[in-house]
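Please read the structure below before turning to the comments.
Each chain gets a letter, A, B and so on, in the order its sequence line appears, and its residues count up from 1.
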There are 2 protein chains.
Amino acid sequence: MARPRTFDEADVIARARKAFAETGFAGTSLDTLLEATGLARQSLYNAFGGKKELFMRAFLSDAAEAVDAVESIRHGADSPLVRIRSQLVKVAVEHGGGQAAPSLFTKAAVELSAQDDQVASTVAAAFESMQTHYGACIADAQAAGEIDAAADAGSLGAFFVALIEGMSTLGGSGVPRATLLDIGLTSMAAIPITELGREHLGTDDGDWT
Amino acid sequence: MARPRTFDEADVIARARKAFAETGFAGTSLDTLLEATGLARQSLYNAFGGKKELFMRAFLSDAAEAVDAVESIRHGADSPLVRIRSQLVKVAVEHGGGQAAPSLFTKAAVELSAQDDQVASTVAAAFESMQTHYGACIADAQAAGEIDAAADAGSLGAFFVALIEGMSTLGGSGVPRATLLDIGLTSMAAIPITELGREHLGTDDGDWT
DNA sequence: GGGGTTCTGGACCGCTCCGTCCATGATGGG
DNA sequence: CCCATCATGGACGGAGCGGTCCAGAACCCC
């Protein structure tokens, strides 16, 4: 009954996410956005409502993805402790890719948390979810005897949230992947790991034994 | 021989620093800047050269201050290990002040590292200096027998740089001071502290013993 | 294949941006 | 006491901003 769109909405959001991640919200003009997404001025307005709305779509999408990436540590074939290490390695690899653009979630949190209430509450909720996921995984590891039962899972969760945000910032500023990997593995030493936990982690990473 | 200035250059830079820290470079207009600093359009141009130049003055000033804050752990009456803990507490308190503006250094690093070479190189140099200062302080603590001699001082230095950047990001996003304090103290567990080191730290913070 | 509906893209609008110009004001040495 | 010198601030200008309008094109259902 009508002319179909020549673009895929999810694809447009993905491209917008990349553009915003590179130059931020205020630093990305509508024209730049149109070039990056390939769609026409009016199409962007029809489909999304405007620059701010498209940004929020991209931002919310990236925030959800960032939380999901942390949530994934609660499932998997490996033991909880091994999953935490894998997650830290993954963060280091993803944010340490030299020319890779920094995470939009981190960028938006730093740029707009103080100015936009919706961004601020989204960021706060995301941090809380991440902390919860880390804490739950640590609690699982405690139940499995990999981590000292006396450890404060909530504190360690908050600690890891701060750490991965720091890694994201460093990675976006050009710190090489190897350094981020080192940071992630070094941070594991903050966990009071039991003898059983060390066995599960194996002996390939001897730095923090 | 000439009409004297009615403003103090250092004071202008301090006010500009605050304004840029709140809304970033692209998000801070010249008019906003003029209102924040109290000087006239032409005066800003005469004294600094333009928006970008004033920003760089403010940014370089803040970056130097951020490095100095870390450098300070290399001197002091307390033992090296205690100084590290004090520094982490200080970072938590400064960045966790609820309405406090985020650090311009962190904000500029996230916003502009990918776009401006001068910012990128300044940020990289600052990170490197911070890592060196942390590493040297940790080495001092090793020499004093507070930290296991087998620990990798460089890795721990990079780890703490990532952590304080993460704390800065979290603090700028509204994470409360108490949480940041918890994060800072939790991170101390990543250091392989000797029995002597624990004695020096005292027993008032029992979480990570 | 005609008609109604949606998408498209260039022209256009008012606004704000940063930077510049210039007339005026203030100063202190000669 | 006057003039050279610099700071000041209102006015201005070109450029870019985000957003809107509208005529034409593409499509699917009937």
Side-chain angles (χ1 to χ4, degrees), chain A residues 1-60 104 107-108 111-112 115-119, chain B residues 1-60 104 107-108 111-112 115-119:
Chain A
M1 192 131 80
R3 180 178 176 178
R5 288 178 173 169
T6 61
F7 61 88
D8 175 39
E9 197 160 303
D11 184 56
V12 167
I13 290 178
R15 290 174 189 273
R17 181 153 41 144
K18 192 175 171 187
F20 280 127
E22 280 172 5
T23 46
F25 175 73
T28 306
S29 76
L30 207 59
D31 288 319
T32 305
L33 225 43
L34 296 178
E35 193 180 1
T37 60
L39 43 74
R41 212 174 188 75
Q42 184 75 12
S43 301
L44 188 150
Y45 183 77
N46 287 339
F48 301 98
K51 182 189 178 185
K52 183 72 184 294
E53 287 75 12
L54 176 56
F55 173 82
M56 286 307 300
R57 292 282 295 271
F59 166 65
L60 291 174
L104 175 57
K107 193 142 188 165
E111 181 184 359
L112 300 173
Q115 305 171 59
D116 186 292
D117 286 343
Q118 194 182 353
V119 170
Chain B
M1 191 129 83
R3 179 177 177 180
R5 286 177 173 170
T6 60
F7 61 87
D8 175 39
E9 196 159 304
D11 183 57
V12 167
I13 290 176
R15 291 174 189 274
R17 180 154 43 145
K18 192 176 173 188
F20 281 127
E22 280 172 5
T23 45
F25 175 73
T28 306
S29 76
L30 207 61
D31 289 318
T32 305
L33 225 43
L34 297 178
E35 194 180 2
T37 59
L39 43 74
R41 210 174 189 75
Q42 186 72 15
S43 301
L44 188 150
Y45 183 79
N46 286 339
F48 300 99
K51 181 190 179 184
K52 183 71 185 295
E53 287 74 14
L54 176 56
F55 173 83
M56 286 308 299
R57 292 282 294 270
F59 166 65
L60 291 174
L104 175 58
K107 193 143 188 162
E111 182 185 359
L112 300 173
Q115 305 171 58
D116 186 292
D117 287 343
Q118 193 182 352
V119 170

Identify which nucleotide among D:dG19, C:dC18, C:dT8 has an atom closest to any side-chain atom of B:Ser29, counting heavy atoms from C-beta outward. C:dC18
With a 4.0 Å limit, can you tell me whether A:Tyr45 has a side-chain N or O closer than that to the phosphate oxygens OP1/OP2 of D:dG18? no
Specify the closest pair of heavy atoms between B:Asp116 and B:Lys52, including all atoms of both residues, with the distance to one decimal. OD2-NZ, 2.7 Å
Separation of atom CG in B:Asp8 from atom P in D:dA7, rounded to whole Å: 14 Å
As a test of reading the structure: which of C:dG9, C:dG19, D:dG19 is closest to the side chain of B:Leu30, going by heavy atoms? C:dG19
A:Ala26 or B:Gly38: which one's nearest nucleotide on DNA chain D is closer to the 5' end? B:Gly38
Walking DNA chain C from its 5' end, the first of B:Lys51 and B:Gln42 to be reached, judged by nearest nucleotide, is B:Lys51
Side-chain donor/acceptor of B:Arg41 to base of D:dG10, under 3.5 Å: no
Is there a side chain to side chain contact (heavy atoms under 4.5 Å, CB included) between A:Phe55 and A:Leu104? Walk through the geometry before answering. CA-CA 10 Å; A:Phe55 173 82; A:Leu104 175 57; 4.0 Å; yes
Compare the minimum distances between each of C:dC18, D:dT8, D:dG19 and the side chain of B:Phe7, then state the nucleotide with the smallest one. D:dT8
To the nearest Å, give me how far apart CG (A:Asn46) and P (D:dA26) are. 18 Å
From B:Gln118 atom CD to B:Phe59 atom CZ, the distance as rounded to the nearest 0.5 Å: 8.5 Å
Between C:dC17 (P) and B:Phe25 (CZ): distance, integer Å: 13 Å
Separation of D:dT8 P from B:Leu39 CG (nearest whole Å): 7 Å
Protein-nucleotide distance (B:Phe48, atom CZ; D:dA7, atom C1'), rounded to Å: 13 Å
Looking at CG of B:Leu54 and CD of B:Glu9, how far apart are the two atoms once the value is rounded to the nearest 0.5 Å? 9.5 Å
Among C:dG9, D:dG18, D:dA7, which nucleotide sits nearest the side chain of B:Ser43? D:dA7
B:Lys51 to B:Phe25 six-membered ring, cation-pi geometry met (6.0 Å, 45°): yes
Base, sugar-phosphate, or nothing for A:Thr32, non-hydrogen atoms under 4.0 angstrom? nothing
Roughly how many Å is it from CG in A:Leu54 to P in D:dC17, rounded to a whole number? 16 Å
For a quick check of understanding: with a heavy-atom distance under 4.0 Å over all strands, which category does A:Asp31 fall into, base, sugar-phosphate or nothing? sugar-phosphate
Rounded interatomic separation in angstrom, taking CG from A:Leu33 and P from D:dG19: 11 Å
note: B:Leu34, atom CG; C:dC17, atom C1'; distance rounded to Å ~ 12 Å
